[in-house]
Every structure is written in structure tokens, then in C-alpha cells.
S.K.: 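Can you keep this structure in mind? I'll have questions shortly.
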Amino acid sequence: MTPASVPETTAPEAVAGSGDHILSVRGLTAHVAGQQVVEHVDLEVAATGVTALLGRNGVGKTSTIKAIMGLIGRSGTIDLAGQDISTLPTHKVAQLGVGYVPEDREVFSALSVSENLRIAERKGHDHRYELVYDLFPELKQRAGQAAGTLSGGQQQMVSLARALLNDNRVLLVDEPTKGLAPRLVQEVGRVLARAAEVVPVLLVEQNLQVVRDLAHHAVVLTGGRSVHHGPAAEFLGDPDLTQRLLGVSTGAEGSI
Amino acid sequence: DDSDADNGGSNDDGGTTAENAGGDGDSEDAGGGDPYPVGIIYSETGPLAAYGEQYKAGLEAGIDYATDGTGEIDGRAIEITYRDDAGNQDTAVAAAKDLIGQDYKILGGTIVSGIAVAMADQAEQNEILYISGPAAVDAITGVNDYTFRSGRQSLQDVAAAGSFLEGDANKVVVYAQDNAFGQGNLAAVDAVLGANGAEVSSVMVPEDATEFTPFAAQLKDAEPDMIFVAWAGATSANMWQALEQQDVFDVAPVVTGLGDSVTFDAYGPVAENISFLNHYFPGAPDNEVNTAMVEAVEEAGSTPDLFTPDGFVAGQMIVQALTEGDGDVNAMIDALEGWEFEGPKGTTTIRESDHALLQEMYTASLVADGDSWVPELIDTVPAEDVAPPEASGK
Amino acid sequence: MEVSDLSLKIGGAQILEDISFTVPTGEIVGVIGPNGAGKTTLFNLISGVMTPTTGRVVLDGRDVTNRSVTQRAVAGLGRTFQTSSVFPALSVEENVRLAAQVSEGRALSLFTFPRRGDRATSRARDLLGEVGLGDRMGFRAGDLPHGDKRKLEIAMLLATDPSVVLLDEPMAGVASGDVAGLTEVIRSLHTDHGCTVLMVEHHMEVLLGLVERVAVLHFGNLLAIDSPDAVMADPTVQSAYLGEPV
Amino acid sequence: MSEVILLAVTGAGLGAIYFLVASGLSLIYGLMGVLNFAHGVFLSLGAFLGLEVAQRLGASSWTGFAVSLLVGALAGAVFAALTERVLVQKLYNRHIEQVLVTVGLGLAAVALFDGIWGTDPRFPRGPAWLDETSTIGGANIPNIVFVAIIAAAAVLAAIVLFLKHTRYGMIIRAGVENRSMVTALGIDVRNAFTLVFTIGGAAAGIGGVLASHHFGYVSPMLGQTLLIFAFIVTVIGGLGSLIGAAVASVLVALLQQFANFYLWGTGDFAVVVLLALVLLTRPSGLMGRKA
Amino acid sequence: MTAMNTQKADEKVQGKVAAMRKAARAPQDGPGSQGTRSRLLALIVPVGLVVLLACLPLLNISIPGVLPGATYTPGTLHMLALAMVMAGVALSYHLLFGVAGLLSFGHALYFGLGAYGLGIVMEKLELGLVPAALVVIVAGLVMSTILGAVSLQVTGIPFAMVTLAFAQAGFVLVRKNPGGLTGGEEGMRLPTDYVPDWLVGVADTRNLYWVALAALVLAFVIVTWVQRSRAGHVAEAVRENELRVQVLGMRPFLVKLAIFVSASVIAAGMGMVHLLLNSGAVPHTMSAEFTISLLLMVVLGGVGSRWGAVAGAFVYVILSQRLAVLAQSSAIDDLPAVLAIPLSEPMFILGTIFILVVMFLPGGLAALGLRVRALFSRRARAELDEGTRTPGELVQEDGQQP
Ligand SMILES: Nc1ncnc2c1ncn2[C@@H]1O[C@H](COP(=O)(O)OP(=O)(O)OP(=O)(O)O)[C@@H](O)[C@H]1O
Ligand SMILES: Nc1ncnc2c1ncn2[C@@H]1O[C@H](COP(=O)(O)OP(=O)(O)OP(=O)(O)O)[C@@H](O)[C@H]1O
Ligand SMILES: [Mg+2]
Ligand SMILES: [Mg+2]
């Protein structure tokens with residue numbers, strides 16, 4: 001399904017045309033606690049590489065991802081490689097190969113690191129422990145520690161590792177660099193880049209540098225609606241647009 | 001059956017009863033057809049519901065018997081309102097207050113000793129007649145002018161047990177639960193058998209204990225001449241088994257009160273080794289009233305049992321009080337004090353001084369009958385032999 | 001504020017080792033270090049949430065090592081948490097008012113009632129205006145978007161009139177568009193409210209723009225505490241923390 | 001001496017019964033965070049149905065006894081599974097409501113059993129051997145004590161093995177903490193939760209049948225009476241620790257036994273004092289993981 | 001200031017979403033909450049209700065099926081007085097559980113203390129009703145302070161269990177009848193010699209009724225007072241996040257203790273009225289079941305709502321009393337056994353109702369009332385939208401602290 005090699009973190013031109021989407025979302029609405037938090041979102045996740053989902057705080061990025069996972073009440077169509085998953089329960093969505101890295105890491109704090117990984121093992125898949133331990137050697141050292149006592153960054157590693165362990169068709173990754181030290185931000189960026197070689201990623205990210213490095217495509221939300229689609233570089237290169245939609249103007253040189 | 005439906009009707013809706021009672025108060029002087037309201041507060045539900053059922057069946061038969069089947073006194077019906085106390089003192093007090101508030105002058109019932117004590121209080125505070133049910137507590141004897149009883153009391157149970165004491169055998173050990181019931185029995189044994197020269201000691205088992213084996217062993221080590229067991233409740237089967245397992249029956253005769261028929265199973269295989277004192281079982285007394293009662297109760301679809309006579313006697317007492325006292329409380333008290341009558345347990349007397357109900361008691365044994373057990377009469381202990389000492393005060 | 005020889009061991013693992021440094025009154029100091037270096041733990045020790053195995057914490061010349069969390073707070077120590085920590089079921093305004101009534105005294109009184117015009121309430125409203133939440137007073141704090149929760153935390157912090165504040169990653173998860181605004185609020189902590197500030201932050205641009213000195217933690221050890229430039233130039237910091245130059 | 005032996009061994013038997021009730025409770029509480037007030041009801045139901053079956057098959061035969069144990073376990077398991085599916089599951093992530101629902105179920109079910117089987121106790125009979133005694137150090141120990149101890153040990157071993165050697169234990173612990181994340185990993189966590197209740201219910205059912213022989217009666221209140229001790233044992237033993245519950249069971253039963261006998265019937269008092277002391281010094285119990 | 005400007009810009013973009021959100025519940029009497037009209041209303045309704053309740057013994061109103069008789073009859077007054085006593089205790093439990101999030105399984109201890117204590121003090125110290133009541137209140141104060149200080153060392157389920165342990169100890173003690181003080185299993189009788197005549201006897205039930213009403217009003221005022229004081233607000237905050245309160249410089253322990261003691265003293269006070277009303281005290285008043293019935297009332301009524309606690313208690317008492325009557329009726333007897341058996345068990349019906357409320361009516365009766373009012377009033381609708389609180393939100397789980 002995924003080509004062996006994908007141009008790494010470069011040109012957005014590789015992805016276009018509706019046939020190349022692994023996940024496509026149409027007219028998504030979602031509710032939390034009786035309120036509509038996502039009003040109307042259309043988005044497509046390219047079959048390869050990283051698609052970024054951007055927007056300011058509280059516009060509904062996390063909610064969109066949760067809605068795709070079926071973690072909150074939703075309606076609209078969500079098409080995963082030709083199959084509508086908008087009515088499936090969460091575990092079915094996950095079993096179809098959707099990996100999820102939640103915003104607040106959500107590691108199981110009472111379980112040890114290795115248990116956190118073991119629980120993520122999905123039946124009928126190879127489990128890529130070598131890959132995971134190669135990316136995060138620290139997890140091997142801390143295998144027995146309760147995940148709740150890990151530092152924020154270490155927890156983030158566990159959370160990413162859980163998603164990378166299985167052979168997924170798409171990864172939904174919500175703010176993976178939040179609270180990470182700069183070196184680790186780069187590290188995570190590299191991990192995601194490597195992951196994106198084998199599996200398409202929908203990435204929510206506030207760190208625009210990371211977005212710039214990774215994403216081919218960008219979708220921007222405002223007030224629970226998707227208001228912009230287009231190549232990531234093009235979007236980030238437009239200071240007016242970013243000022244309007246993200247409240248920050250990005251110069252062409254990429255400083256934020 | 002139809003009497004059941006009547007009762008249902010009157011319980012059904014408190015509102016109706018209240019109106020009736022209101023009407024009653026207004027037209028009391030007019031005499032004639034207005035019914036006499038009588039309130040019975042007993043355990044229809046709750047842990048003692050089975051006793052309540054026996055009591056109620058007896059009561060209905062008793063009223064029927066005493067009014068020659070009319071249920072009326074001089075053309076005025078006796079209208080009984082039943083209230084469930086669920087074995088719960090607060091519920092009983094609430095029901096009593098409700099009924100007293102509706103001008104009920106006669107209340108009866110209850111199986112639970114604690115409730116009987118509370119009801120006696122209410123009777124005195126509000127100056128109404130109260131005829132307690134099967135509750136065995138000695139404390140309501142002589143407690144006040146307004147309180148009577150239609151059953152036996154612990155002192156009579158124990159006195160009956162005394163008839164098992166043979167000649168010089170005189171070391172009695174009471175094996176009882178350490179609660180009001182058990183302590184009451186111990187006190188009674190002390191008062192009755194101790195007074196007759198027996199040396200009384202006790203093995204009191206904490207009420208909450210669930211494992212009786214060690215206590216049974218202790219009982220055996222006490223080397224008694226007679227063992228008096230006072231036990232109530234669900235744990236009795238276990239207790240008897242423990243006595244047997246620790247070979248207590250080899251040491252001395254074991255005496256206890258015979259409960260109602262459902263408890264016969266609880267004794268298990270040791271039943272044959274126990275000497276029972278008994279308040280009542282259908283085959284114990286041999287007299288017309290008892291025969292009539294057994295027939296009436298069976299006809300009504302229930303089975304006479306341990307506390308059926310308590311209800312029956314209550315019925316007789318209510319009819320006597322109303323006939324002689326016509327609803328006036330003091331007159332009714334006068335009518336009952338010292339009254340001697342033929343009850344299901346033979347000649348029965350309400351002692352004037354403290355309202356103790358003097359009646360005969362029985363000793364019995366259980367014999368196997370196929371898969372189950374049936375009681376067999378050993379002896380009848382005359383009423384005067386088991387009369388409790390007169391209670392002071394009143 | 002001064003800490004000396006702080007160490008913490010949990011079940012054999014040395015999490016912090018002999019940390020000593022002083023922060024003169026009124027200074028802003030940044031704390032950086034790789035994830036898991038012990039920054040949050042350091043804050044927990046200073047604020048009393050955890051007890052050190054050895055070492056002392058001195059606040060305004062007083063040794064508070066054996067004081068409870070509450071006593072340290074009363075002594076003027078305020079902090080925020082790495083993941084926002086507010087009272088989710090209470091309104092935004094009430095969150096701040098609770099904090100404000102502490103500095104006013106009699107916070108736990110059974111005989112004082114919160115009222116529309118009282119000092120704590122008006123102070124809460126002022127502070128909420130200051131951090132830019134003026135129009136969200138009635139919201140349930142738990143429903144605020146992430147960035148606003150961070151602002152709310154700062155408002156609560158301000159309300160307690162702290163002299164020393166510990167900020168644990170105040171910028172984490174804040175949309176890039178809001179970073180500048182929040183930075184100003186933090187700066188004002190220092191300039192307008194005269195607080196001594198110790199802050200953990202991975203957002204280097206923000207940090208470097210604010211602080212006077214930077215402390216570097218690495219594997220539970222204090223590597224350096226120096227001016228930003230000096231620290232940034234340190235090769236160990238480069239490799240352990242920053243990675244390749246940004 | 002034989003007195004002490006008698007007290008100790010029968011105390012251990014009582015502890016075994018406590019453990020049988022507490023094991024399921026501890027499992028459910030430890031894994032799902034639900035303090036299950038309906039647990040006593042699982043037990044009573046197991047005891048009642050076990051009794052009904054044994055009476056039909058011949059109460060004094062070993063087959064009757066074995067089948068009654070089986071039926072008891074089954075009844076407890078089915079009722080528990082239904083409870084989880086119909087009530088508890090609907091309230092996931094709302095622990096306090098889950099507890100409240102079990103409180104309601106406890107009340108309602110006891111009342112229902114009252115209606116069905118009446119309030120009078122019923123007296124089960126087992127194989128004659130159970131009523132006999134064996135002599136140890138001069139003390140006559142009722143044989144049922146040994147059966148209870150063996151059953152408790154077997155249940156303990158079975159549950160520990162299950163949790164250690166299957167994925168379920170891990171899934172459940174993770175699910176308690178963050179149910180939605182577990183489903184987001186592709187696991188249908190509902191079945192795992194139901195399974196916990198089912199196992200707990202089965203243990204309670206077995207406990208019910210054995211308790212009815214041990215205490216010599218069955219009544220709708222039997223379960224609720226034992227429940228309070230099971231709570232105490234679970235909490236003293238420590239959140240989620242089965243071994244802790246086992247140790248606490250024996251400890252509590254022995255304390256109760258000795259205090260009742262030597263200290264003027266203060267057994268229950270001693271037990272609640274122990275509970276308070278343990279919790280105040282070690283809030284997470286003797287062997288609980290730190291909360 | 002820049003923050004403001006950014007916020008403004010931010011607001012424009014987010015306007016849409018922000019508009020969809022509703023305002024959170026304004027603090028009880030907090031600023032900007034309500035107009036004078038509704039404030040007046042908030043005063044008139046309770047006062048009117050109290051006046052109406054006070055007049056009941058003088059009126060002849062019948063509600064068949066609900067009340068056992070007309071409102072002037074002692075039976076009805078007794079039941080209503082009982083309901084008011086329970087409402088008072090439920091209010092105190094609301095303070096513990098609904099406000100401070102303290103799930104206690106031992107609240108009955110203080111109720112029982114009031115009931116038994118008053119009787120014992122009157123009898124043994126030969127004191128009149130009022131001085132004896134004062135002694136008991138002081139005893140309640142001392143005891144709840146000591147036991148509260150001890151049990152508040154732990155939180156969550158351990159707290160529930162420690163309080164249960166203390167209450168069980170009390171329960172065991174009263175059943176053991178130490179020194180013949182408590183009457184053991186059979187309970188203790190009210191020593192009528194020390195009680196004024198106008199509080200004894202069925203004819204005086206209406207006086208008892210007024211005493212119970214006064215006690216309930218007093219309990220309501222105290223609970224409202226505590227809840228609205230700063231300490232009450234802090235208690236709510238403690239319930240949400242204890243560590244945060246500490247970091248702000250407040251001692252959660254003191255607040256929790258204050259709430260615990262207030263609730264316990266109110267319970268003791270209601271226990272004394274209960275003694276008078278029932279002319280006695282029974283061990284049940286100190287049992288875990290009693291505490292559980294309080295929990296039932298509070299949850300039925302709607303956790304976190306004072307009126308809910310009162311309504312829950314009334315519904316509970318009336319249902320438990322009247323269902324027992326219904327159970328005996330021939331209408332039930334005639335049903336087939338599958339229906340007749342469950343329907344003739346009051347606790348079955350109560351338990352079932354309770355389960356249904358927990359599952360389908362998270363805010364209890366209070367939410368139901370709100371829902372009804374929402375049909376007419378916009379304010380109520382807004383309040384409803386904002387969501388009612390469920391019991392689970394109130395109690396901190398053990399491992400909550402970071
Ligand atoms: N439990 C909840 N109750 C009420 N409103 C909620 C809840 N959860 C989220 N919201 C609201 O839904 C909106 C969208 O939230 P969401 O978390 O999806 O935003 P986001 O874009 O991921 O923001 P951030 O960048 O801060 O993570 C926000 O306005 C938020 O306040
Ligand atoms: N209870 C504990 N048991 C074992 N190790 C612990 C415990 N608590 C913390 N640690 C370890 O201590 C180290 C320091 O954690 P801390 O949270 O202070 O890191 P941090 O510097 O704040 O990191 P981050 O930037 O990722 O938040 C980590 O390696 C963590 O795993
Ligand atoms: Mg988000
Ligand atoms: Mg940290």
C-alpha cells in the first residue's frame with residue numbers, strides 16, 4: 001500500500017489528486033458534553049508523508065482527531081482507504097490500522113513502560129520492537145519503571161512508541177513535541193520523518209519549525225471549521241495568511 | 001380468605017381508615033353499628049415475618065371464636081387495622097402514633113421485645129390499652145397499668161426447663177448469646193433455678209461471633225449437670241452442630257426452647273438428644289379451645305404453630321375488654337385484670353398485680369418422621385408451677 | 001531564594017544530586033535541561049510537594065525545608081504546574097478569587113462571604129483583565145481551551161501576591177499566536193509585580209528573551225548556571241540539550 | 001493448648017471464607033476501582049441456588065455437594081456478568097456512580113430474595129463427612145474448615161495465575177486508568193471488564209455455598225453480613241492485592257476469634273480498630289500499591 | 001497591554017466557537033449572578049414554604065396515597081416530622097459529600113450520638129432537655145473534631161473506610177449495652193421525666209412537628225451559611241484539586257475539618273430531635289445502613305443541591321413508609337407472583353428507583369425540577385445546559401495528585 005521510499009521532508013507536489021488519500025473526512029461535526037466543538041471539517045490525509053492540521057488553541061484540532069478515532073460523538077463521513085469508519089467504535093477504528101498519539105500522552109501511569117508497550121501489541125501484526133528501541137533506547141533502560149513516574153518527555157516517547165509498534169495504515173499524532181526539550185523536538189521530528197516513510201501521518205503541531213520540516217500538506221482550522229487546505233510550504237510562506245489564521249506571521253525564512 | 005380481603009381493604013388506604021375513625025369519635029355516644037377500631041402492629045415483613053403470620057392467623061381465629069363467628073359485639077363489628085412494623089422499632093412507634101391519633105383505644109401485637117417495650121411506653125403516655133404479642137421480654141410484665149400480654153414470658157420458659165433438673169443434679173450452665181435475649185434468659189435461670197438451689201453459671205457467646213466451636217469446647221470443660229441453651233436466629237444450626245462436634249451431649253442433658261416448626265431442621269441430627277421446653281405446639285394441649293383453634297386456623301389455610309395461641313388469646317382478650325369495657329380504657333383494664341378464661345393452653349389467668357399471663361407450659365422431644373421431625377409431648381407443666389415471680393412496680 | 005545540596009533518591013535511583021544555587025531577589029532565572037533531567041522534581045522539592053533526601057531550601061532568608069506546601073505558599077512561594085492545574089468545576093472568576101482571598105487573609109473564614117464588590121473579587125476581576133481573560137469570567141475553568149488555562153493559572157498565581165514564583169513550562173501547548181502575549185504577562189510578573197521568577201521552559205526564544213541567567217540540569221546534576229549567552233555556548237549544553245544548532 | 005489450636009484452626013477456616021468473599025471484591029475493586037456493594041448478593045444467590053440444586057440431587061451425596069459448588073459459582077458468575085453489562089458498564093469512568101448503583105442493587109436484590117425465599121434461614125446439609133471432626137493436637141476440628149481452606153487456596157492460585165499469565169490483567173489495569181486510550185489501541189475493553197466481574201462473581205458464588213455450610217444456614221442477609229468483613233479485609237489487605245487480601249483475611253479472622261474468646265466478645269470491635277489503625281498508618285493497606 | 005490585544009484578535013477568530021459555549025454557573029451569590037427580582041424570589045419561596053409547613057398542623061389537607069391521613073392527624077404529622085429530621089441529616093450529609101466531596105460511611109455515628117447522648121445525659125446527669133442538649137452538642141463538637149482530625153489524614157476510599165470503622169465501633173458499643181446505658185439491641189427509651197410535657201404523647205405530636213421543622217430550618221440556614229462562606233468555597237476547591245489549594249497557601253485540612261465538624265454537629269442535633277420524636281433510640285440509627293440511606297437521599301435528590309437533599313429525604317421517607325402500606329394491599333396480592341413478589345418488597349422498589357436515578361437522572365430530583373422549570377424559564381434552561389453535577393465529579397480519587 002505504501003511505496004518503499006518517499007521523498008523525505010521535501011516537496012509537497014508529490015501529493016495531490018483525490019486518489020492518493022488514505023483518509024478523507026467530509027462534513028465532520030463532533031460534540032463534547034453536549035456542545036458542538038467541531039462544526040464542519042473537511043480534510044484529507046495524503047497516502048504518503050505528513051499532513052499537518054493547524055490552528056490556534058481551542059479551534060478543535062484535538063477534537064477532530066478524537067472524532068476520527070470515535071472517542072467523541074461525531075457525524076459526517078470518515079473514509080479510510082475506501083471504508084467508511086464514521087460509525088465504528090473506537091477499537092474497531094484502531095484495529096483497521098489507525099494509530100493514535102494523544103495530546104496529553106495518556107500513558108498508563110500505573111503500568112510499567114514495558115507493559116505500556118505490550119498492551120499496544122495488536123493481534124495479527126508484527127511488533128516492531130527493534131524499531132522502537134532503536135528510536136528510544138531509554139525505554140529499554142526504563143522498562144520496569146511505572147510510566148506515571150516518567151518525565152514528560154519520556155512519557156511522550158512511550159506514547160509515540162505505542163503507535164509505532166504496530167503496522168498501521170495511518171497515524172494521528174497530536175502535538176507530539178509539546179513540552180519537549182529542543183534536542184528532543186528534533187529527535188521526535190526525525191522519528192516522525194522516519195515513521196512517515198512507512199506510514200502516512202496526520203500531525204497536529206504548534207511548533208511551526210517542525211511543521212515546516214515535515215509536512216507536505218496543511219489543513220487549517222478556525223472555530224471548529226476547516227478554512228484552508230494547501231501545500232504546507234505555501235501556507236507557511238504566506239505571512240498574511242498565517243497572521244490571519246494562526247495569529248503569527250511567518251517570514252519566508254521560517255522564523256516564528 | 002374473605003377476612004384477608006377485608007384487612008387488605010382497611011390497610012390499603014390510610015385515608016379511608018382515618019375517616020372511619022373520625023366518624024367513630026363523633027358518634028360514639030350514638031352506639032349501635034359503629035365498629036370498634038383495633039390496631040395490630042406486628043411483623044408482616046422483616047426477620048420475624050413468619051412469627052407474625054402465626055400470630056395473625058391465631059388472632060383472627062381468636063376473635064372469631066370469642067364472638068361466636070360474628071366478629072361483632074352487640075352488633076358492633078371489631079374492625080382490625082394491621083400495620084407492619086417490619087421488626088423495626090421506629091416504624092412501630094410511627095404506626096402507633098398514627099393509630100392513637102385516630103382515636104384507637106386498643107393496640108396489640110408485636111413479636112419483637114424492643115418494640116413491646118416501646119409500645120408499652122406509648123400506651124402509658126397516651127393512656128390506651130396495649131396487649132403485647134409473642135415478645136417474651138420480662139420487662140413489660142408490671143411495667144404499667146395499660147400494658148398486658150397475650151403470650152408467655154422468659155421466666156415461664158425457664159421455669160419449665162426446671163422440670164428437667166433431676167434430684168441432686170444442680171450445676172446448671174447457661175449457654176446463650178450475649179444479647180438482651182440471652183441475658184434475659186440467664187437472669188431468668190438465675191431467678192428460677194438459682195432460687196431452687198441450683199448453681200448457675202454461664203458461657204455467653206458474643207452476639208457477633210460466627211464460629212462457635214471454641215465456645216462449645218469451653219462449655220464441655222465446665223462439666224455441667226444440665227445445660228440450658230438460649231439461642232435465637234439463623235446461627236442456631238451452626239451452634240448445635242458445634243455442640244455435637246465437641247461432644248457436649250455426652251456430658252449432660254441439654255435443654256432448650258422448642259421453636260416453631262421451620263426451626264426443627266436447624267437442630268440437625270442432634271435433635272433427638274435435646275430436651276425441649278415448649279410454649280406451644282399443636283399437639284401439646286388437649287382441650288376444646290385448642291381443637292377449635294387448630295381447626296379454624298387450618299380452615300383459613302394456615303398451619304398452627306408456636307405463636308398461634310398468642311394471637312388467639314389476644315383475640316379473646318380484645319373481645320373481653322370490649323364486651324366489658326365498651327371502649328373505655330379504664331373499664332377495659334378492669335375487665336382484663338384478674339380475668340381467668342379457657343384458652344388454647346387450658347385455663348389461663350391474667351394476674352391482677354402485674355398482668356403476667358399465667359399459663360401451662362410443656363416439655364417435649366423431637367422424633368424423626370421420615371425426612372423431617374415432629375414434636376412429641378413429654379409432660380405438661382401446670383401454670384402455677386411456672387408462674388413468674390410477681391413483678392414489683394407497675 | 002537559595003537551595004543548597006538538594007538531593008533526592010527514589011528507590012535507589014538518584015533523581016537529583018547536590019543541587020545548590022542562589023537566586024537573588026527580583027531576578028528571572030530559566031531552568032533548562034533534557035526531558036527527565038529533574039526540572040519538575042526540583043520545583044516539587046522547592047515548593048514542598050516532595051521532600052528531599054538531603055539539602056535545604058531557603059526562602060527570603062528563612063529555612064523552609066521542613067515546612068509544608070501551604071506554609072511555603074504563605075511565605076510567598078507561588079507555582080504553576082507542567083500540566084495545567086485549575087479547579088475545573090468552578091468558574092474562572094472563582095478560581096482567581098479563591099487565590100485572591102489568601103493574600104487578603106481569613107481565606108478559610110466561616111464568617112466571611114464572598115460578595116460582588118469585595119476586595120478579593122475585584123482583585124480577581126482586575127487580574128483576569130490583565131492576563132486577557134476579562135471576558136471569560138463566567139466560564140467553567142475546565143472548559144477553557146488549553147492556552148486560556150495557562151493564562152488562568154498565571155492570574156491565580158498573581159492573585160496570591162507571591163514574591164517567588166516557579167513556572168513549569170508555561171508555554172507548553174500554547175498556540176504560537178499566543179506566545180507573545182503570554183510572554184508579556186510573565187515579563188510583567190517580574191517588572192510590575194517584582195517577583196523573583198524561576199521558570200522551566202523548552203521554548204528557547206521565549207526563555208532567552210526573558211531571563212537573566214539560565215540553570216542547566218542534566219541527569220539530576222546542575223551543569224551550569226550562567227548568563228544565557230555563556231550557557232548557550234557551552235558545548236555540553238549544545239549536545240545534551242539543544243542538539244544541532246537551531 | 002487444644003483451646004488455642006481450636007481457635008487458630010477454626011479461625012483460619014473463617015479466614016478462608018472471608019477470603020473467598022473478598023477475593024472477588026478485591027479483584028473488582030483493585031482492577032476496576034469499584035467498591036462493589038452488590039457482592040454479597042452474588043454470594044447469597046450462589047448459596048441459594050446451590051442449596052436448591054443440592055436438595056434436588058440429594059444433599060448428603062458428594063455429587064450433590066460438588067454440583068452445588070458448580071451451580072453456585074455459575075450463578076454468581078452470571079449474575080455478576082449481567083450486573084457489569086447492564087449497570088456498571090453504562091457508567092464507565094464514573095466510579096462513584098458505579099459504587100452507588102451497586103449499593104442500589106444490593107438493597108433491591110436482598111429485598112427480592114426476601115420475597116422469593118422468605119426471610120427465614122434455610123439449613124443446608126452436606127455429605128456427612130463435612131459435619132464430622134478430625135483431631136489435631138487434642139482439638140476436634142470440623143472438617144468443613146479444611147474444605148474451606150483448600151478452596152480458598154485454590155481460588156487464590158487460580159486468580160493469581162490468571163492475572164499473571166494472561167493479557168487481561170494488564171488490559172484491565174490500563175482500562176481503569178484510561179479506558180478510551182485502551183480502546184484507541186484497538187482493544188475492546190468491555191469484555192475484559194465483564195470478565196473481571198464474572199470471575200469475582202464466581203468466586204463469591206463458591207464462597208456462598210461454602211459459607212452456607214460453614215455457618216450452617218442460608219438467608220438473604222448472609223451475603224451482606226459477610227460483605228462488611230470482605231470490605232475490611234480488602235481494604236486492610238491493600239488496594240488490588242489479592243495476596244494482601246488473603247493475609248488480611250486470616251489476620252482479621254484470627255483476631256476476631258481470639259478477641260471474642262479471650263477479650264469478652266470484643267472481636268468485631270477489635271477488627272474495626274485494626275482497620276482504622278492500618279488505614280491511618282498505611283492508607284494503601286498492608287500490601288497495596290501506593291495509591 | 002499586548003496580551004489584551006492578542007486576545008482581541010484571537011477572539012475574532014474564535015468568536016464562532018466562543019458563542020457556542022455557555023457561561024458557567026455563576027457563584028452562588030457571586031457578582032453578576034442574578035437580578036434583584038430573582039433574588040427576592042429566592043427568598044420568598046423558602047420563607048413561604050416554611051410558613052406553609054408551619055401551618056400544616058392547623059389545616060385539613062388530605063393527599064391520599066402519599067400521606068397516611070389529613071395533615072392535622074398525628075400519624076401524618078409524625079411522618080412529616082420524621083421526613084424533616086431526615087432532611088436535616090441529609091443536608092448535613094450534603095455538606096460533607098456534596099460540598100466537600102468527603103464520602104463518609106460513618107455519618108450515622110453523630111446522628112446516633114445525638115439520639116443516645118441526649119437520653120443518657122438527661123437520665124444520668126438528671127438534666128433538663130435544654131441543658132442536656134447543650135452538653136450533647138459540645139460532646140458532638142469534641143468528638144467530631146477528634147475523630148475528624150484522625151480520619152482526615154486519609155482521603156478517598158480509605159477515608160470512607162476509616163469513618164465506617166469508627167461508626168461500626170460505635171454501633172458495636174451501643175448494641176453491647178455498656179453499663180446498661182444504651183439498652184443494647186432493644187434500644188433506649190426516652191426518659192420522659194426530663195422532657196417537658198408538651199413534647200410527650202401523641203396529642204402533642206404537632207409540637208414535635210414544629211420542633212422538627214425549626215430544627216430543619218436551622219440546619220438549612222447553617223448549611224447555607226457554611227456553604228456560602230469563604231470556607232465553603234474553599235471546600236469546593238479542595239474537592240476539585242487539593243494540591244492546588246495548598247499551593248495557593250491554604251490548608252485544606254482545616255477546611256475539611258470545619259465542614260466535617262459542622263456536618264457532624266448538625267447530625268447530632270437532628271439525632272436529638274429524632275429521640276424525642278420516636279420516644280427512643282435504636283442501634284439502627286448508628287448503623288452503616290443508616291449512613292447508606294443518607295447517601296441514597298442525597299443522590300436521589302441530586303448531589304450538590306441543598307434543596308435536592310431535602311427533597312430526596314422527603315421522597316425517601318414517604319416512599320419507604322408508604323410503599324410498606326402498598327406492599328400489603330390486596331391489589332398487589334392479586335398480581336401474579338413474578339410481579340407480586342418484587343412489588344411487595346419496599347426496599348426492592350426503592351433500590352430500583354435509586355438505580356434508575358443514578359443511571360438516567362444524573363442530577364437527581366433537583367435536575368428533574370430544573371428540567372420542569374426549564375419549560376417555563378430561560379434562566380433555568382441556561383442552568384440546565386451548563387450541566388448538572390454527578391456524584392462522581394465530587395469525590396477525589398485516591399491517586400489524583402500529580
Ligand atoms: N470537555 C469539554 N467540555 C466543554 N468544552 C470542551 C471540552 N473539551 C473541549 N472543549 C472545547 O472544545 C473546543 C475545541 O477543543 P480542542 O481541544 O479540540 O482544541 P484544540 O484545537 O486541540 O486546542 P489546543 O491547541 O489548546 O489543544 C475548545 O473551545 C474547548 O474549550
Ligand atoms: N517516583 C519515581 N520513581 C522513579 N523515577 C522517578 C520518579 N519520579 C520521577 N522519576 C524520574 O526522575 C526524573 C526527573 O523527572 P522530572 O519530571 O523532574 O523531569 P523534567 O526535567 O521535569 O522533565 P520534562 O522536561 O520532560 O518534564 C525522570 O527520569 C523520572 O523518570
Ligand atoms: Mg489540542
Ligand atoms: Mg517536567
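Remember, predicted model here, so these are calculated numbers, not experimental data. All chains are named by letter (A, B, ...) in the order of the sequence lines, taking the proteins before the strands, and each is independently numbered beginning at 1.
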S.K.: Between chain D and each of E:A165, E:A288, E:S151, E:A160, count heavy-atom pairs under 4.5 Å; write down the option with the most.
M.R.: E:A165
S.K.: What part of E:F360 is in contact with chain D, defined as an atom under 4.5 angstrom from a non-hydrogen atom: side chain, backbone, both or neither?
M.R.: neither
S.K.: Using side-chain contact (heavy atoms from CB on, under 4.5 Å), reason through E:F354 and D:L100 one step at a time and then give a plain yes or no.
M.R.: CA-CA 9 Å; E:F354 179 73; D:L100 292 178; 3.9 Å; yes
S.K.: Any chance you could lay out the side-chain contact (heavy atoms from CB on, under 4.5 Å) test for D:L275 and E:V162, step after step, and finish with the verdict?
M.R.: CA-CA 7 Å; D:L275 171 66; E:V162 173; over 6 Å; no
S.K.: How long is the span from the CG atom in D:L105 to the OG1 atom in E:T352, to the nearest 0.5 Å?
M.R.: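 Rounded to the nearest 0.5 Å, the CG-OG1 separation comes out at 9.0 Å.
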S.K.: Heavy-atom distance under 4.5 Å to chain E: side chain of D:I228, backbone, both or neither?
M.R.: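 Answer is side chain: those atoms of D:I228 sit under 4.5 Å from chain E.
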S.K.: Tell me the closest heavy-atom pair linking D:V86 and E:M359, and the distance in Å.
M.R.: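 Minimum heavy-atom separation between D:V86 and E:M359: O-CE, 3.7 Å.
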S.K.: Side chain from CB out, backbone as N, CA, C, O: work out which of these in E:V357 comes under 4.5 Å of a heavy atom of chain D, or both, or neither.
M.R.: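 Contact with chain D: none, neither part.
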S.K.: Are E:L296 and D:L107 side-chain neighbours, meaning at least one heavy-atom pair lies under 4.5 Å?
M.R.: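 Yes, close enough: below the 4.5 Å cut-off.
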S.K.: Contact part of D:L35 toward chain E, heavy-atom cut-off under 4.5 Å: side chain, backbone, both or neither?
M.R.: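 The answer is the side chain of D:L35.
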S.K.: Side chain, backbone, both or neither: which part of D:V101 has a non-hydrogen atom closer than 4.5 Å to chain E?
M.R.: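 Both the backbone and the side chain of D:V101 come within 4.5 Å of chain E.
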S.K.: Check each atom of E:L173 against the heavy atoms of chain D and say whether the ones under 4.5 Å are side chain, backbone, both or neither.
M.R.: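 Side chain of E:L173 only, per the 4.5 Å heavy-atom cut-off to chain D.
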S.K.: Sort E:L295 into side chain, backbone, both or neither according to what part of it lies under 4.5 angstrom from a heavy atom of chain D.
M.R.: side chain
S.K.: Within the 4.5 Å heavy-atom criterion, are E:I292 and D:F37 side-chain neighbours or not?
M.R.: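 Side chain of E:I292 against side chain of D:F37, heavy atoms only: contact under 4.5 Å found.
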S.K.: Counting only heavy atoms closer than 4.5 Å, note whether E:V172 contacts chain D via side chain, backbone, both or neither.
M.R.: side chain
S.K.: What are the two closest non-hydrogen atoms of D:G104 and E:I355, and how far apart are they?
M.R.: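 The pair with the smallest heavy-atom distance is C-CD1, 3.7 Å.
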S.K.: Run the ring pair (Phe, Tyr, Trp, His ring centres under 6.0 Å) check on D:F269 and E:F171 step by step: do they pass?
M.R.: CA-CA 9 Å; D:F269 200 78; E:F171 180 61; over 10 Å; no
S.K.: Do you know which of D:D114, D:V103, D:I232 has the most heavy-atom pairs under 4.5 Å to chain E?
M.R.: D:D114
